Amino acid sequence: MHLGFVDAFGFVVFGGFFVSSVDATTTRTGVALGGSSWFVVGLAGAILAGFVVGVVMAAVVGRMWPRQRVPGVLLLTAVLLAAAGALHAVTTTAPLIGFALALAMGVEATLLGDRWPARRGGAVPDRPPVRQRGSR
């Protein structure tokens with residue numbers, strides 16, 4: 001998936017923030033609060049808010065069109081990523097761009113569900129065992 005690319009882009013552009021990792025962003029927010037770094041708090045808040053709003057948007061799309069949930073959510077993700085790219089082309093306001101990227105990542109996170117390894121505490125998605133020829 002493109003989550004890794006968007007996360008790497010966010011990390012470089014926003015100075016160490018991951019737009020699809022709520023845990024890392026929350027940690028950075030706590031550190032910024034402790035150091036009274038208000039711009040960083042604002043950026044982190046925008047990213048967290050964008051992610052939460054994205055999850056809600058995807059849930060609404062999934063409930064409105066349950067049979068087309070996956071294509072609908074993927075289309076919404078693509079539109080939001082395109083909008084974030086267009087926004088990045090016309091402004092350098094980090095919290096606004098961070099909100100837009102996190103919005104798209106929140107939408108996509110609803111599709112991953114239990115398939116996302118970090119949510120289960122494992123490193124590899126569950127797959128059926130591979131059988132060797134001649135084994136029973």
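For clarity, every value in this text was computed on a predicted model and none was experimentally measured.
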Candidate pair L103 and M57, rule side-chain contact (heavy atoms from CB on, under 4.5 Å), full reasoning: CA-CA 9 Å; L103 190 65; M57 286 174 66; 3.7 Å; yes
With hydrophobic residues grouped by side-chain heavy-atom distances under 4.5 Å, do [X] and [Y] end up in a single group?
| X | Y | value |
| --- | --- | --- |
| F14 | F9 | yes |
| F5 | V13 | yes |
| V70 | V60 | yes |
| V107 | L75 | no |
| L74 | V79 | no |

Stepwise side-chain contact (heavy atoms from CB on, under 4.5 Å) test for L81 and M105: CA-CA 9 Å; L81 284 174; M105 294 299 93; 4.1 Å; yes
Working for side-chain contact (heavy atoms from CB on, under 4.5 Å), residues V19 and V6: CA-CA 7 Å; V19 292; V6 175; 3.7 Å; yes
Atom pair CG (L48) and CZ (F99), whose distance is rounded to the nearest 0.5 Å: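 So the CG of L48 and the CZ of F99 are separated by 11.0 Å.
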Interatomic spacing from CG in L101 to CZ in F51 - rounded to 0.5 Å: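 Answer rounded to 0.5 Å: 12.5 Å.
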Nearest heavy-atom pair of [X] and [Y]: which atoms, and what distance?
| X | Y | value |
| --- | --- | --- |
| T110 | A58 | OG1-CB, 3.1 Å |
| A102 | I47 | CB-O, 3.1 Å |
| A94 | F39 | CB-CZ, 4.0 Å |
| A100 | A84 | CB-CB, 3.7 Å |
| F17 | A44 | CE2-CB, 3.6 Å |

Transitive ILVMFWY cluster of V31, excluding itself - 4.5 Å side-chain cut-off: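 So far as hydrophobic clustering goes, V31 is joined with none.
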Residue pairs fulfilling side-chain hydrogen bond (donor to acceptor under 3.5 Å, both in side chains) with at least one residue in residues 38-65, sequence neighbours excluded: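 Qualifying pairs: none.
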Residue pairs involving residues 82-92 (criterion side-chain hydrogen bond (donor to acceptor under 3.5 Å, both in side chains); sequence neighbours excluded):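 Passing the test, one end in residues 82-92: T91-T93.
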Short side-chain to backbone donor-acceptor contact, T25 and V22, under 3.5 Å: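 Side chain of T25 to backbone of V22: no pair is present.
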